[in-house]
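Report on one structure; see the data block that follows.
Counting from 1, the numbers follow the sequence of the chain as shown.
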Amino acid sequence: MKFLWILLIWGLTDSIESARLHTSGHRIFSSRLLCAPKYRTTGKIECQFHLRNNGKQDYLVLKWRTPLDGLRSDCLTVTTNGKKLQYDGIYPKRSAPGPDQYLLVKAGQTVLSTFDVSDAYDMTKAGLYSIAVDTYLEYVAGRLSDVRFTQTEIEHLSSPAVSYEISKGSFIEGTLSERARPLKRTNQYSMRGSSSEDESCPKLEHFVGVAPEALKLETKKAFEAAVQNMKSAIKCLKDNPAKGKPWFGTAIEDAKILLKKTVAIVDDNWHKTFHFGGDQCSNEILAYSFHGACTLYLCKLFSEQKTDTGYYSKMGIIVHELTHAISNTTDDEHGPIRVQKLAKASPKRAALNGANFAHFVESLTISKSCKSF
């Protein structure tokens, strides 16, 4: 259950980047979902998310990991015929949250947002579906003018399940990921295990969108550096495992296997597209990708980063998104300090978290602690 995440987050509490677990018996926030009872011949499955502040003071809530941000994270439990559906949406690389990523919810106030369930969960089959909120909410007391976002609280957020029916003959598009994946592999999450060319992927390195030539050259350089640095990181984990412990805890071998798999598929004629822009870009997203797709979407913030060294470099961002697209990593945590705390609290999760790999590789380029860097 995602509630176990709260126990994990509780362990991530002693730095200025962290949130503190709210432990009083009273739940400050409550939520509910509203969906139509039946959907017929529609391209969307739109539901409403309601978040209520039951407290006696105003709070600023972080929209991330909730439907206030759309479906950019696995914040729901969705089932059909007793089977839980897997999240199949966007995997973004974010910058640190700024004030505009928080929403003021006054005491006693309810805020709402509308989201499309089919963006991230497979709604293409007729049947009865059940959906509920299951995530954690990060918040801070006060208003934008006087708040410190480094002193946030965290609370598990859930809702009663609601049900709806998708009737036979309705037209529902696939998830965002499904639409982004190569057509020949629409129902596969990854391209691993196959070196054959796919007519749906470009045969050569391909650029989409408007970008100056200088940015294209920097992106190519960053991609090449990402691949080379991942290879060096694999050697570093083999020759000096202690270097990986802050980032993967006791799961260093798992991390090494995933990195090797990612690099092997890139080397095996992986057809890549760099898409500058994208309809999921926003002012806090540096880049994003989808499981099993061959496109890396690079947002405006990406162009503002250093090319191949330092945290949040173009090189590190590409490492992050390659692990998502090729090896199906998760987005459990972001930021160098938080991902190291994740490694201590849950090594297995750290060895599946995209940001752990990116920040580990970036850290080696900063410290040059392995000879190959």
Distance-only side-chain donor-acceptor flag, [X] / [Y], under 3.5 Å:
{"X": "N356", "Y": "H334", "answer": "no"}
{"X": "D308", "Y": "S313", "answer": "no"}
{"X": "N283", "Y": "D100", "answer": "yes"}
{"X": "S327", "Y": "T262", "answer": "yes"}
{"X": "H324", "Y": "S289", "answer": "no"}

Quiz item: Would F276 and T219 satisfy side chain to side chain contact (heavy atoms under 4.5 Å, CB included), going step by step from the backbone distance to the final call?
Solution: CA-CA 10 Å; F276 294 100; T219 301; 3.6 Å; yes

Quiz prompt | Parallel, tilted or perpendicular: ring planes of W247 versus Y311, cut at 30 and 60 degrees | solution =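 W247 and Y311: tilted rings.
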
Quiz item: What disulfide (SG to SG under 2.5 Å) pairs are there with at least one residue in residues 247-286, not counting sequence neighbours?
Solution: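 As it turns out, the disulfide (SG to SG under 2.5 Å) pairs with a partner in residues 247-286, which skip direct neighbours, are C281-C299.
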
Are [X] and [Y] connected in the hydrophobic side-chain network, where two residues link if heavy atoms are under 4.5 Å apart?
{"X": "I366", "Y": "V361", "answer": "yes"}
{"X": "L215", "Y": "L301", "answer": "yes"}
{"X": "L296", "Y": "V208", "answer": "no"}
{"X": "Y139", "Y": "V111", "answer": "yes"}
{"X": "I257", "Y": "V319", "answer": "no"}

Working to the nearest 0.5 Å, report the span between [atom1] of [X] and [atom2] of [Y].
{"X": "Y87", "Y": "T330", "atom1": "OH", "atom2": "OG1", "answer": "11.5 Å"}
{"X": "I172", "Y": "S118", "atom1": "CD1", "atom2": "OG", "answer": "6.0 Å"}
{"X": "S346", "Y": "L352", "atom1": "OG", "atom2": "CG", "answer": "9.0 Å"}
{"X": "T80", "Y": "I166", "atom1": "OG1", "atom2": "CD1", "answer": "8.0 Å"}
{"X": "F357", "Y": "E362", "atom1": "CZ", "atom2": "CD", "answer": "13.5 Å"}

Using modelled atom types only, decide if a donor and an acceptor are shared between the side chain of [X] and the backbone of [Y] within a distance under 3.5 Å.
{"X": "H291", "Y": "T329", "answer": "yes"}
{"X": "T135", "Y": "R65", "answer": "yes"}
{"X": "S113", "Y": "P67", "answer": "yes"}
{"X": "S130", "Y": "S163", "answer": "no"}
{"X": "N53", "Y": "K106", "answer": "yes"}
{"X": "D88", "Y": "T175", "answer": "no"}
{"X": "R349", "Y": "D332", "answer": "no"}
{"X": "E138", "Y": "V61", "answer": "no"}
{"X": "S95", "Y": "E284", "answer": "yes"}
{"X": "S170", "Y": "Y39", "answer": "yes"}

Hey, is [X] close enough to [Y] for a salt bridge, meaning N to O under 4.0 Å?
{"X": "R181", "Y": "E178", "result": "no"}
{"X": "E173", "Y": "K44", "result": "no"}
{"X": "K300", "Y": "E304", "result": "yes"}
{"X": "R94", "Y": "D69", "result": "yes"}
{"X": "K231", "Y": "E224", "result": "no"}

Just jot down the side-chain contact (heavy atoms from CB on, under 4.5 Å) partners of [X], sequence neighbours excluded, or say none.
{"X": "D122", "value": "T124, K125"}
{"X": "T307", "value": "E218, K221, A222, K314"}
{"X": "D239", "value": "K235"}

Close side-chain approach of [X] and [Y], heavy atoms under 4.5 Å:
{"X": "L364", "Y": "N229", "value": "no"}
{"X": "R32", "Y": "L112", "value": "no"}
{"X": "T110", "Y": "L51", "value": "no"}
{"X": "Q305", "Y": "L286", "value": "yes"}
{"X": "L62", "Y": "L137", "value": "no"}
{"X": "L71", "Y": "L76", "value": "yes"}

Quiz prompt | F302: partners by ring pair (Phe, Tyr, Trp, His ring centres under 6.0 Å), with sequence neighbours left out | solution =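 Listed in chain order: nothing, the list is empty.
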
Quiz prompt | Partner of H320 under side chain to side chain contact (heavy atoms under 4.5 Å, CB included), chosen from M315, K93, H359 | solution =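 Running side chain to side chain contact (heavy atoms under 4.5 Å, CB included) over M315, K93, H359 with H320 returns exactly one hit, K93.
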
Practice problem: Scan residues 206-216 for pairs that pass salt bridge (charged side-chain N to carboxylate O under 4.0 Å, His left out), counting only residues two or more places apart or in two chains. | Solution: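 The answer is E213-K216.
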
Is the distance from the ring center of [X] to that of [Y] below 6.0 Å?
{"X": "F290", "Y": "Y91", "result": "no"}
{"X": "H275", "Y": "F207", "result": "no"}
{"X": "Y59", "Y": "F29", "result": "yes"}
{"X": "Y136", "Y": "H156", "result": "no"}
{"X": "F274", "Y": "Y297", "result": "no"}

Exercise. Determine, stepwise, if the pair D119 / R179 fulfils salt bridge (charged side-chain N to carboxylate O under 4.0 Å, His left out).
Key: CA-CA 10 Å; D119 278 349; R179 283 174 263 164; 3.8 Å; yes

Self-check item: Derivation of the side-chain hydrogen bond (donor to acceptor under 3.5 Å, both in side chains) call for D74 and Y121
Solution: CA-CA 9 Å; D74 188 8; Y121 300 89; 2.8 Å; yes

Quiz item: Does W64 have R72 sitting over its ring (NZ/CZ under 6.0 Å from centre, angle to axis within 45°)?
Solution: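 Not flagged: R72 not positioned over aromatic ring of W64.
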
Exercise. Establish, for the pair K38 and Y164, whether the NZ or CZ atom is under 6.0 angstrom from the six-membered ring centre and no further than 45 degrees off its axis.
Key: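 No; the conditions do not both hold, so K38 does not lie above the ring face of Y164.
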
